[in-house]
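Report on one structure; see the data block that follows.
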Amino acid sequence: MKFTLRKKDLQTKARTGTLFTDHGEIQTPIFMPVGTAATVKAVHQRELKEDIKAQIILGNTYHLYLRPGLDILEKAGGLHKFNGWERPILTDSGGYQVFSLSGTRKIKEEGVTFKSHIDGSKHEFTPENVMDIQRTIGADIIMAFDECTPYPCEYGYARNSMEMTHRWLTRCIDRFDSTEGKYGYRQTFFPIVQGSVYKDLRKQSAEFIAAQGREGNAIGGLSVGEPAEMMYEMTELVTDILPADKPRYLMGVGTPANILECIALGVDMFDCVMPTRNARNGMLFTSEGIINIRNEKWKDDFSPIDPAIGNYASTFYSKAYLRHLTVSKEILAAQIASIHNLAFYLWLVGQAREHIQAGDFAVWKDQMVKKVSTRL
Ligand SMILES: CNc1nc2cc(C(=O)NN)ccc2[nH]1
């Protein structure tokens with residue numbers, strides 16, 4: 001999978017580039033809407049493409065494996081055919097879900113046994129079968145099976161966890177490199193840096209991951225409860241070590257401010273459930289700041305949600321109308337708010353790309369970080 005760098009910012013480590021996959025190109029920096037179980041919740045594929053202008057979306061191996069299951073996905077010809085999203089897809093390997101979702105997991109050298117959060121049935125994920133599972137789902141970019149080290153944790157636990165993740169990485173690579181895609185298009189594999197919040201472990205993990213020479217590299221184990229400053233410190237340390245000519249993906253990040261700060265630290269790809277999850281709870285991210293649409297103050301504000309970001313839902317519907325739908329728990333509330341928040345995130349990274357190209361990213365970023373964090 002080819003990645004071409006276009007412009008490097010002079011004052012920060014920000015850069016623009018293009019990622020070429022068999023399902024289309026991705027302009028970076030990019031935000032990837034999370035489509036956990038074959039759907040970006042409350043949003044049509046057409047809206048994702050036309051209104052939100054999403055370029056790549058995520059699927060979760062853990063959820064898709066449990067439901068609809070591999071048999072259905074294979075019969076459909078892979079996830080792209082099953083849900084009709086013909087642009088790029090990235091699947092997380094389940095490492096995070098298995099560690100965060102099912103409380104009944106057991107971690108052993110061989111892999112992780114866990115109980116389904118749906119019906120309590122017992123399952124095992126190993127580096128090998130998670131590669132096979134992601135081959136069957138058919139995502140364009142598939143992630144290593146690792147342990148997303150919990151935060152906080154003792155240094156010894158973080159070191160043992162990182163070392164196991166590195167042993168599992170070797171097994172993932174052996175399996176991935178000895179198997180083929182099932183549907184006639186290429187899939188690429190990203191390893192994941194761990195090491196918790198310990199600088200020496202992060203350095204060691206980043207060096208081990210960089211040494212694998214893969215087509216892209218991910219930074220995991222962050223945005224798991226640590227202070228933002230710590231997340232930035234670890235991200236900066238790791239991006240200084242990961243190769244500059246390969247895309248860098250920071251998993252699970254983050255707020256609009258987090259994303260802008262991490263673009264400045266040299267990160268190219270982001271995913272986060274906040275825009276969709278918070279939308280369903282009435283929390284809107286806008287170009288002027290954060291709105292809790294349930295607040296009384298929006299009751300008779302008939303201005304558009306956010307005309308600046310140029311998509312249908314954010315321009316056509318008023319704050320007052322969306323507040324009414326939200327407090328009434330109307331289904332349309334989740335749809336409008338989800339489309340708006342995702343359109344805002346894609347608009348924001350699009351603006352970042354433009355300012356990196358224009359050479360004024362550093363000043364714009366500092367102004368925008370303040371603006372997007374304002375509580376309205
Ligand atoms: C919301 N925060 C957040 N942190 C994540 C870390 C990982 C990871 O290390 N996977 N191997 C994945 C998803 C994440 N989401």
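As the structure lists them, so they are numbered: ligands from 1, and atoms in each ligand from 1.
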query = Going from CD1 on I291 to CG on D306, what distance comes out if it is rounded to the nearest 0.5 angstrom?
reply = 7.5 Å
request  = Tell me, please: is G95 in heavy-atom contact with ligand 1, that is, under 4.0 Å?
outcome  = no
task = For residues F176 and R135, determine if any side-chain heavy atom of one lies less than 4.5 Å from a side-chain heavy atom of the other.
result = yes
query = With a cut-off of 4.0 Å, which atoms of ligand 1 are near a heavy atom of I192?
reply = 11 (N)
remark   = So the atoms of ligand 1 within less than 4.0 Å of a heavy atom of S223 turn out to be 1 (C), 2 (N), 3 (C), 4 (N)
task = For ligand 1, indicate whether the residue V224 contacts it via side chain, backbone, both or neither (heavy-atom separation under 4.0 Å).
result = side chain
ask   = Is the centre of the Y65 ring less than 6.0 Å from the centre of the H123 ring?
value = yes
hydrophobic_cluster_shared for Y183 and M1, side chain cutoff 4.5 Å = no
query = Would you call F145 and E128 a side-chain contact if the rule is heavy atoms closer than 4.5 Å?
reply = no
key: Nearest-neighbour protein heavy atom for atom 15 (N) of ligand 1, which is reported as residue plus atom name and distance   = G252 CA, 3.4 Å
request  = Record the part of Q194 in heavy-atom contact with ligand 1 below 4.0 Å; permitted values are side chain, backbone, both and neither.
outcome  = side chain
remark   = heavy-atom search around atom 4 (N) of ligand 1 in the protein gives L222 O, 2.8 Å
ask   = Which value, rounded to the nearest 0.5 Å, describes the distance between L284 atom CG and R294 atom CZ?
value = 11.0 Å
task = Could you tell me whether the side chain of F3 reaches within less than 4.5 Å of the side chain of T18, counting heavy atoms only?
result = no
ask   = Any idea which part of D92 is under 4.0 Å from ligand 1, heavy-atom wise: side chain, backbone, both or neither?
value = side chain
Geometric N/O contact C148 with ligand 1, under 3.5 angstrom = no
task = Evaluate whether atom CD1 of I118 has more than 12 neighbouring non-hydrogen atoms of other residues, nucleotides or ligands under 6.0 angstrom away.
result = yes
key: Enumerated ligand 1 atoms positioned under 4.0 Å from heavy atoms of G221   = 6 (C), 8 (C), 9 (O)
inquiry  = I need the nearest protein heavy-atom contact for atom 12 (C) of ligand 1: residue, atom name and distance, please.
reply    = Y96 CB, 3.5 Å
request  = Decide yes or no on side chain to side chain contact (heavy atoms under 4.5 Å, CB included) for M269 and F190, but give the supporting numbers first.
outcome  = CA-CA 12 Å; M269 300 164 74; F190 281 15; 3.9 Å; yes
key: Protein heavy-atom partner closest to atom 11 (N) of ligand 1 - residue, atom, separation in Å   = D146 OD1, 2.7 Å
Contact check, T149 vs ligand 1, heavy-atom distance below 4.0 Å = no
